[in-house]
Structure formats: C-alpha cells, structure tokens
Protein chains: 2
Amino acid sequence: MVSLMPVEGKTRREVLTEFRRAEILAAARKVFAARGFRAATLEEVAVEAGLAKGTLYLYFDSKEEMFWAIFRGRVAEMHRRLQAVLSEPGGTADKIRAGLRVRFELLREDQDFMRIYLTEFGQCIYGGPWAKEFRKLHLAGARLLAPVLEEGIRRGELRAVPPLETALALMDLVKSTVSLKLLGMHENRIDVEQFIFDLFWRGVRAEGAAAEGGQ
Amino acid sequence: MVSLMPVEGKTRREVLTEFRRAEILAAARKVFAARGFRAATLEEVAVEAGLAKGTLYLYFDSKEEMFWAIFRGRVAEMHRRLQAVLSEPGGTADKIRAGLRVRFELLREDQDFMRIYLTEFGQCIYGGPWAKEFRKLHLAGARLLAPVLEEGIRRGELRAVPPLETALALMDLVKSTVSLKLLGMHENRIDVEQFIFDLFWRGVRAEGAAAEGGQ
DNA sequence: CATTTTAATGACCGGATCGTCATAAATGTG
DNA sequence: CACATTTATGACGATCCGGTCATTAAAATG
C-alpha cells in the first residue's frame with residue numbers, strides 16, 4: 001500500500017504535492033503582482049498554472065491562504081538577508097548602505113514581490129484580517145535596523161535620532177522610491193540607491209562627521 | 001414656468017442640486033475613507049447620506065466620478081495651499097518647513113482625505129483608469145517644490161541635489177510618516193514634523209551650512 | 001384643487017467571482 | 001485486465017454590487 005518511495009523522510013507523494021504547491025504559488029505570485037490581491041482571480045491563477053480552478057483547492061483552502069503563503073515567505077527571506085548583511089562587521093554607514101543594497105537587489109530580482117508589498121501595504125490600514133500581520137512584519141523590518149542605529153549613536157557616528165522612527169523613515173524612503181521606480185518616474189537619470197543613501201546619511205550622521213559614506 | 005428665484009446667477013434648483021451633491025460627497029468621503037474605493041459600496045454611501053441608492057445616480061454618473069470629485073478637489077486645495085506658502089518670501093529652509101506644515105495640517109484637519117490619498121495611490125500602479133491622473137497629480141505636487149529647491153541650490157543654501165527627485169523623496173517621506181501616524185505607530189513620543197524636517201534638511205543643506213533651520 | 005413637472009425610491013438585472021461537488025481522468029494495485 | 005485510490009475538472013450555487021428603470025412621492029403651477 002505504501003510502496004511509494006520515501007525520500008528524505010517524505011513519501012514520493014508528499015514531494016509531488018509540495019512541488020505542485022510551489023508551482024501554484026509561482027503562478028499566483030505572477031497574477032497577484034499584475035492585478036493586486038482583490039482584482040486577481042483564481043481563474044487566472046489556474047490558467048497561469050495550467051490547471052483548473054477546482055484543482056487549486058486541493059492544495060490551498062482559500063485565496064487568502066495563497067496570498068499569505070507568498071507574502072510571508074518573501075518577507076521572511078528579505079529579513080534573513082537584511083539580518084545577514086547587518087550583522088557583518090563594519091561602520092554604521094556601511095551597514096546602512098548594505099541594507100539599502102539588499103532592498104534594491106530584491107527589487108531587481110523580484111519586482112512582483114515588491115509590487116505586492118507596496119500596494120497591499122497601503123490596504124492594511126483598512127484593518128482587514130491582515131492589518132495586524134502586515135504591521136507586525138513591517139515593524140519587524142525596522143527592528144532589524146534600529147539596533148544598528150543605536151550602535152551608531154553610541155559610537156558617535158550618528159547624532160541622537162530616535163532609532164525605531166528613523167529606521168521606519170529609511171524603510172519608507174526606500175519603499176516609496178521603489179514605487180516611483182515601478183511607476184517609471186526615475187528612469188536612469190540618477191543613481192537612486194546612491195541618492196537615497198546620501199540623503200539619509202547626511203540626515204543622520206553626527207554633526208562633525210564628513211561625508212564618509214560618500215565613497 | 002421659470003419662477004424659481006435666481007440667486008447670484010443660479011436658480012434655486014441649481015443651488016439645491018449643488019447642496020445635494022455636496023451632501024452626497026461628504027457621505028462618500030466618509031465611506032471611501034473607511035473602506036477604500038473598491039470595498040466601499042454605494043449602498044453604504046446612500047445610507048450614510050440618508051438617501052436611496054438610485055438617488056445617487058441623479059447627481060453622479062458613476063462611483064468613479066464620485067471618487068474623483070472628492071479626490072481632485074482635495075488635492076487641488078492642497079496644492080493651492082502649498083503654492084501659497086512657498087511663494088512667500090523667506091529662506092529655503094523656511095519654505096521647506098512651511099511646506100511640511102501644510103501637509104501635516106491637512107492631515108490633522110482631514111484624516112479621511114489623507115487616508116484616501118495614501119491607500120489609493122498604491123493602487124495606481126495597476127494602471128486602471130486613474131493611473132495617469134494620479135501620477136500627474138502626484139508629480140504636480142513635486143513640481144511646486146522643485147523650483148524652491150533649485151533656487152536654494154542657486155543661492156548656495158543647498159548642495160546640488162536633483163530637484164524633482166528630491167521633492168518626490170520629501171513628499172514620500174511625509175506621506176509614509178503620515179501613514180505610520182494613521183497606523184498609530186508614532187503616538188506622541190516624538191515631534192514627527194520636526195523629526196522629518198531635521199532629517200531632510202540635514203540631507204540636502206550645503207556642506208558648510210549649520211543647522212540653521214533647527215530653531 | 002387638479003395637473004404637470006421634478007425628485008426619490010428600491011426591486012431588479014447583469015456580470016463577476018469565490019468556493020463546492022458530482023463526475024471523470026489518471027495512476028497505482030493485485 | 002479489473003478494480004481501487006488519488007488527482008483533476010469545470011459546471012454550478014451562492015453572494016455581492018454597480019447601475020437601471022418603472023413606479024411612487026413631492027413640489028411647483030395655474
């Protein structure tokens with residue numbers, strides 16, 4: 001009966017099921033990114049995945065579950081990468097620059113995800129079932145950066161800014177710049193990453209410091 | 001037949017019609033702000049206005065028209081006020097501060113509007129019928145500030161930042177801060193307006209300048 | 001007060017879409 | 001090959017909502 005070959009503690013069936021789930025999520029990410037959560041239809045997702053709509057429900061309970069599976073996973077990935085670069089040794093300016101780079105890299109790698117992040121975040125104000133989760137994830141990102149800023153203040157590299165608020169300001173600066181990029185406003189006239197870094201770094205560095213991060 | 005009393009070039013009927021339109025728009029603003037454009041239903045708007053749904057269509061052609069009547073009017077008002085404070089004499093720092101004050105005042109006066117602005121702006125990426133309009137209005141705001149920055153650069157008060165991009169960055173900095181305020185993240189721990197001004201001004205001021213705007 | 005004109009109503013239509021379920025195809029089993 | 005089990009299907013039910021329209025209420029008119 002269970003002659004399905006077990007592979008690394010999982011039956012062949014479980015592996016196949018996971019594969020299908022992943023296939024469906026890839027299709028869903030595409031559709032959600034193109035249309036937004038509300039306007040995206042499961043029919044589209046099904047077509048994109050080469051399946052029938054009913055089949056989706058063998059792997060997910062609802063449209064919401066699909067969305068969150070995509071979203072949570074990607075945010076977690078982003079936070080892992082942020083954490084990684086922020087824990088490397090280096091000055092505060094370097095860390096801020098590295099954190100910026102992670103976000104811009106992510107944008108280049110996966111515009112779909114950023115689009116979801118940016119547009120659905122606005123909706124979280126309406127307090128649907130996600131408002132709390134969204135807010136928690138967003139704050140979690142800021143809490144990764146805040147200690148770096150605190151450290152910078154202690155070391156005298158930064159003036160005494162409120163760490164969490166400043167971290168949030170930076171994240172939003174990136175976020176909205178990213179949204180402008182998606183809107184095609186910046187084109188290639190300036191180096192956006194460098195521009196944002198300059199603006200922010202000059203905004204937070206200690207009074208006496210030169211433009212040390214301006215390489 | 002036309003015994004309706006003309007008042008300042010308008011018949012009594014026209015005045016009443018305008019009044020009804022305004023009543024409906026007030027109700028609509030409330031509902032749109034509470035639920036967002038998509039989730040808001042005309043049934044709710046009608047109830048809020050104390051009318052039947054069908055009656056709304058005597059005054060507006062569609063849900064979209066209602067939304068834009070609200071949105072355009074309010075943005076125009078914001079731009080008028082920005083233009084007014086930016087054209088007053090004063091240093092660049094003063095003007096930036098005054099521009100910030102306008103936006104924060106607007107937030108305090110009419111949170112509903114800001115909510116609409118913030119949340120529906122995210123959606124404009126999807127290129128519905130509004131994408132172009134939204135973008136145009138958003139850029140128009142930046143174009144009010146850009147000349148002030150250019151003037152500041154000429155006068156040597158600011159370093160050579162790209163004016164339009166910098167104006168957009170400031171607008172977004174305010175916008176997202178505002179959204180955090182709406183989310184209840186800041187509470188009253190810091191003076192947000194002062195915080196944003198400091199961050200931005202230090203980010204753009206000329207190399208030699210002291211924190212002149214820090215009053 | 002009778003009549004005409006305007007304003008208001010809410011039942012209804014049409015389209016969209018989430019999620020279900022009886023049925024069918026595919027796959028595995030003996 | 002017959003049978004059982006898992007996977008897939010897409011028509012369908014249910015719901016929601018923007019917009020319409022025949023009908024009713026109100027207001028103006030003479």
Side-chain angles (χ1 to χ4, degrees), chain A residues 1-7 10-25 27-28 31-32 34-70 120 123 126 128-130, chain B residues 1-7 10-25 27-28 31-32 34-70 120 123 126 128-130:
Chain A
M1 195 180 269
V2 189
S3 74
L4 298 161
M5 200 186 294
V7 181
K10 290 171 183 174
T11 64
R12 182 181 213 75
R13 164 140 47 263
E14 279 169 342
V15 171
L16 286 175
T17 295
E18 263 178 48
F19 186 72
R20 265 275 192 274
R21 271 183 70 103
E23 274 188 326
I24 292 171
L25 284 184
V31 177
F32 282 142
R35 303 240 187 286
F37 177 76
R38 273 210 163 88
T41 73
L42 293 189
E43 187 58 41
E44 281 177 290
V45 174
V47 169
E48 181 69 36
L51 295 170
K53 190 170 62 169
T55 309
L56 304 184
Y57 284 87
L58 297 177
Y59 298 91
F60 297 92
D61 288 341
S62 70
K63 194 181 174 184
E64 278 189 22
E65 194 200 327
M66 265 183 228
F67 181 78
W68 273 102
I70 294 166
E120 304 301 331
Q123 295 290 331
Y126 296 130
W130 318 322
Chain B
M1 195 180 269
V2 190
S3 75
L4 296 161
M5 198 186 296
V7 182
K10 292 170 183 174
T11 63
R12 182 180 214 76
R13 174 169 300 89
E14 279 170 341
V15 171
L16 287 174
T17 295
E18 263 178 47
F19 186 72
R20 265 274 190 275
R21 271 184 69 103
E23 274 189 326
I24 292 172
L25 284 184
V31 176
F32 283 143
R35 303 237 187 290
F37 177 77
R38 273 211 163 86
T41 73
L42 293 187
E43 186 59 41
E44 281 178 291
V45 173
V47 169
E48 181 69 35
L51 296 170
K53 191 170 61 169
T55 308
L56 304 184
Y57 284 87
L58 297 178
Y59 299 91
F60 296 92
D61 287 341
S62 69
K63 194 182 176 185
E64 279 188 22
E65 194 200 327
M66 265 183 228
F67 180 77
W68 273 102
I70 295 166
E120 305 301 332
Q123 295 289 331
Y126 296 130
W130 316 322

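Source: prediction; values computed, not measured. Proteins come first, then strands; the chains are lettered A, B, ... in the order of their sequence lines, and each starts at number 1.
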*Gap between atom CG of A:Leu42 and atom CZ of A:Phe60 - 0.5 Å precision*: 11.0 Å

*Specify the separation, in whole Å, of atom CG of B:Leu56 and atom P of D:dT20.*
12 Å

*CD of A:Glu120 to CZ of A:Phe32: how many Å apart, nearest 0.5 Å?*
8.5 Å

*Would you mind telling me which residue lines up with the more 5' stretch of DNA chain C, A:Ala39 or A:Gly54, judged by nearest nucleotide?*
A:Ala39

*Base, sugar-phosphate alone, or nothing: which one does B:Thr55 contact when heavy atoms must sit under 4.0 Å apart?*
base

*Is A:Lys63 near enough to C:dC18 that one of its side-chain N or O atoms lies under 4.0 angstrom from OP1 or OP2?*
yes

*So what does A:Leu58 hit on the nucleic acid, given a heavy-atom distance under 4.0 Å: a base, only sugar-phosphate, or nothing?*
base

*Base, sugar-phosphate, or nothing for A:Ala49, non-hydrogen atoms under 4.0 angstrom?*
nothing

*Separation of atom CZ in A:Phe60 from atom C1' in C:dT20, rounded to whole Å*: 18 Å

*Backbone of A:Ala40 reached by a side-chain donor or acceptor of A:Lys63 within 3.5 Å*: yes

_Distance, rounded to the nearest Å, where B:Glu43 contributes CD and C:dT9 contributes P_ = 11 Å

_Need one value for A:Tyr59: base, sugar-phosphate or nothing, where a base atom within 4.0 Å counts as base even if backbone is also close, heavy atoms only._
sugar-phosphate

_Length of the CG-C1' vector between B:Asp61 and D:dT20, whole Å_ = 13 Å

*Check A:Glu44 against A:Ala39 and note the closest heavy-atom contact, atom names and distance.*
OE1-O, 4.1 Å

*Hey, does the side chain of A:Arg20 come within less than 4.0 Å of D:dA8's phosphate (OP1/OP2), counting only N and O?*
yes

*Any idea which of D:dG10, C:dA7, D:dG19 is nearest the B:Tyr57 side chain?*
D:dG19

*Would you mind telling me which of C:dC18, D:dT9, D:dG18 lies closest to the side-chain atoms of A:Leu51?*
D:dT9

*Interatomic distance where NZ belongs to A:Lys53 and C1' belongs to D:dA8 [whole Å]*: 15 Å

*Have a look at A:Ala40 and say if it touches a base, only the backbone sugar-phosphate, or nothing, with a 4.0 Å heavy-atom cut-off.*
sugar-phosphate

*Do NZ/NE/NH1/NH2 and the carboxylate oxygens of A:Glu18 and A:Arg21 come within less than 4.0 Å?*
no

*Specify the separation, in whole Å, of atom CZ of A:Phe37 and atom P of C:dC18.*
9 Å

_Spacing between A:Glu64 atom CD and C:dC18 atom C1', to the nearest angstrom_ = 11 Å

*Using whole Å, report how far CZ of B:Phe19 lies from P of C:dA8.*
12 Å

